[in-house]
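Just below is one structure, and these are the notes that go with it.
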Amino acid sequence: MADVRVQAAGIIGLEIKWASGAVDVVVVDDGTCDAIELTETASRPLFEGQHMRWRVVGGTLEIDYGSWLECMMVWRKDLEVRIPRAYASVFERMTIDGASGSYRVRGVGCGTLRLKLASGKIDVQQVAAHALSVDVASGQVSASGRFEDSVAVHAASGKAWIACDGVCPRTIDADIASGLVSVAVPKDSGFTVSIDKASGSFNSTFPLTQNGSTYMTGDGSANVSAHLASGEFRMDASN
């Protein structure tokens with residue numbers, strides 16, 4: 001086990017790049033805590049070259065899994081990031097970049113949230129971001145929260161479920177090579193969907209009027225576009 005404390009004041013960005021294992025980003029209520037705490041655990045003792053790497057650059061806390069070559073002998077490393085609640089919504093940007101494994105984020109707020117997954121699973125809940133960007137090569141990404149401005153999803157082969165709470169984003173863009181992208185927005189939302197597809201399907205639980213490859217519901221104010229080589233794109237009503 002390795003523990004690191006980084007002063008939270010002045011940190012406006014968080015970037016995590018992890019290779020395998022589990023990453024858990026949580027918000028803690030300890031009012032006396034003014035540091036972001038990083039705890040790395042492994043199934044066996046770590047040598048110096050096998051520990052995670054971290055640094056602060058331009059106000060961004062960057063956390064890296066460490067050397068692949070050195071860490072191959074560890075089999076699994078997990079990371080917990082604990083953020084004091086007083087600092088949990090001041091981030092301008094947050095990035096989770098996972099090669100494989102399981103990633104969980106709870107209760108944070110930021111300007112831009114970027115989720116990138118090669119394989120494995122990302123689960124994000126109770127977050128708020130002006131813009132959400134998801135890039136999934138393989139595996140599964142699930143994100144729920146308030147995304148006011150934009151949601152952009154690229155799926156090479158995999159699945160992404162996005163649940164937008166409270167408000168429909170102004171723009172939604174999906175680029176699907178194969179797999180599934182599902183976006184749920186409040187049931188009173190109005191949006192216009194433009195579909196460009198070679199193959200695949202578009203489905204929705206909303207009542208839609210169709211004009212060629214364009215679909216509309218309500219006042220049609222939000223702009224939704226989807227490009228499908230294959231796979232499925234869905235627009236559904238959130239609970």
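Note that these values count all heavy atoms, side chains included, but never hydrogens, waters or copies made by symmetry.
- Hydrophobic clustering (side-chain heavy atoms under 4.5 Å, transitive across Ile, Leu, Val, Met, Phe, Trp, Tyr) groups Val181 together with Phe206.
- At distances below 3.5 Å, at least one donor-acceptor pair connects side-chain atoms of Trp18 with backbone N or O atoms of Lys77.
- Cys164 is listed as a side-chain neighbour of Val151, based on a closest heavy-atom distance under 4.5 Å.
- Every residue two or more places apart in sequence or in another chain that forms a side-chain hydrogen bond (donor to acceptor under 3.5 Å, both in side chains) with Asp219 is listed here: Ser221.
- Checked for salt-bridge contact, Arg170 and Glu148 miss the test: no charged N lies under 4.0 Å from a carboxylate O.
- Of the possible donor and acceptor atoms, one in the side chain of Thr217 sits under 3.5 Å from a partner among the backbone N and O of Pro207.
- Both the sub-6.0 Å distance and the 45° axial angle are not jointly satisfied by Lys121 relative to the ring of Tyr103.
- Within a 6.0 Å radius of CD in Gln125, other residues, nucleotides and ligands contribute more than 12 heavy atoms.
- The environment of CG in Asn211 is sparse: at most 12 heavy-atom neighbours from other residues, nucleotides or ligands sit within 6.0 Å.
- Salt bridge Asp135/Lys116: absent, no basic N to carboxylate O contact under 4.0 Å.
- Note on Ile12: it does not cluster hydrophobically with Trp54, by side-chain heavy-atom contacts below 4.5 Å among ILVMFWY residues.
- Using a 4.5 Å heavy-atom cutoff, the side chains of Val23 and Lys17 are not in contact.
- Both Phe91 and Ile122 belong to a single network of hydrophobic side chains, linked directly or stepwise wherever heavy atoms of I, L, V, M, F, W or Y lie under 4.5 Å apart.
- Note on Arg104 versus Asp24: salt bridge recorded, some NZ/NE/NH1/NH2 to OD/OE distance being below 4.0 Å.
- Atom CG of Leu208 is separated from atom CE of Met216 by 9.5 Å, given to the nearest 0.5 angstrom.
- If you take CG on Asp196 and CG on Leu228, they are separated by 8.5 Å, rounding to the nearest 0.5 Å.
- Summarising the geometry of Val27 relative to Arg85, their closest heavy-atom pair is CG1-CA, 3.5 Å, with the distance given to 0.1 Å.
- Considering every non-hydrogen atom in both Ala237 and Ala184, the closest pair reads C-CB, 4.2 Å.
- Proximity of a side-chain donor or acceptor of Ser119 to a complementary backbone N or O of Gly139 within less than 3.5 Å is not detected.
- Contact between Thr192 and Gly220 at its shortest, heavy atoms only, is OG1-O, 2.9 Å.
- Counted within 6.0 Å of CZ on Arg234, heavy atoms from surrounding residues, nucleotides or ligands total more than 12; the atom is thus considered enclosed.
- Atom CD in Glu232 sits 10.0 Å away from atom CZ in Phe202 (nearest 0.5 Å).
- Here CG of Leu132 is found 12.0 Å from CE of Met94. Values are rounded to the nearest 0.5 Å.
- By the 4.5 Å heavy-atom criterion applied to side chains, Pro169 and Val185 are counted as neighbours.
- Looking at Arg93, Glu15, Arg55, Glu92 one by one, the single match for side chain to side chain donor-acceptor pair (under 3.5 Å) with Thr60 turns out to be Arg93.
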inquiry  = Working note: Val105 + Ile96, criterion side chain to side chain contact (heavy atoms under 4.5 Å, CB included); need CA distance, chi angles, decisive distance, verdict.
reply    = CA-CA 9 Å; Val105 180; Ile96 305 295; 4.1 Å; yes

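- Between Met52 and Leu79, the closest side-chain pair of non-hydrogen atoms falls below 4.5 Å.
- Of the possible donor and acceptor atoms, one in the side chain of Asp236 sits under 3.5 Å from a partner among the backbone N and O of Thr205.
- Between the Ser204 side chain and the Met235 main chain, a donor and an acceptor come within less than 3.5 Å of each other.
- Nearest heavy-atom pair across Ser225 and Asp173 is OG-OD1, 2.6 Å.
- Residue Ser144 holds its OG atom at 9.0 Å from CD1 of Ile162, rounded to the nearest 0.5 Å.
- Checked for salt-bridge contact, Arg106 and Asp123 meet the test: a charged N lies under 4.0 Å from a carboxylate O.
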request  = Start with the C-alpha gap between His227 and Ile176, add the side-chain angles, then the distance that decides, and say whether side chain to side chain contact (heavy atoms under 4.5 Å, CB included) holds.
outcome  = CA-CA 6 Å; His227 309 272; Ile176 307 169; over 6 Å; no

task = In sequence, state the C-alpha distance, the side-chain angles, and the governing distance for Val56 and Ile11, and then conclude on side chain to side chain contact (heavy atoms under 4.5 Å, CB included).
result = CA-CA 8 Å; Val56 177; Ile11 300 297; 3.8 Å; yes

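- Residues Pro186 and Val167 come closest through the heavy atom pair CG-N, 3.7 Å.
- Counting only heavy atoms from C-beta outward, the side chains of Leu113 and Val108 never approach each other to under 4.5 Å.
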query = Going through the checks in order, is the side chain to side chain contact (heavy atoms under 4.5 Å, CB included) test met by Val26 and Ile83?
reply = CA-CA 6 Å; Val26 298; Ile83 304 171; over 6 Å; no

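- Linking Ile, Leu, Val, Met, Phe, Trp and Tyr whenever their side-chain heavy atoms come within less than 4.5 Å leaves Trp161 and Val127 in two separate clusters.
- Follow the hydrophobic side-chain contacts under 4.5 Å out from Val183 and you never reach Leu180; the two are in separate clusters.
- Aromatic rings from Phe191 and Tyr215 are positioned such that their centres are separated by 6.0 Å or more.
- To the nearest 0.5 Å, atoms CD1 (Ile16) and CG (Asp64) are separated by 11.0 Å.
- Judged by distance alone, the side chains of Asn223 and Thr171 never bring a donor and an acceptor atom under 3.5 Å apart.
- Side chain of Ser100 to backbone of Ala19: a donor-acceptor contact under 3.5 angstrom is found.
- Side-chain contact between Arg5 and Ile36 is absent, with no heavy-atom pair separated by less than 4.5 Å.
- In this structure, Glu37 and Cys33 approach most closely via the heavy-atom pair OE2-SG, 4.1 Å.
- There is a side-chain donor-acceptor pair under 3.5 Å between Thr39 and Arg82.
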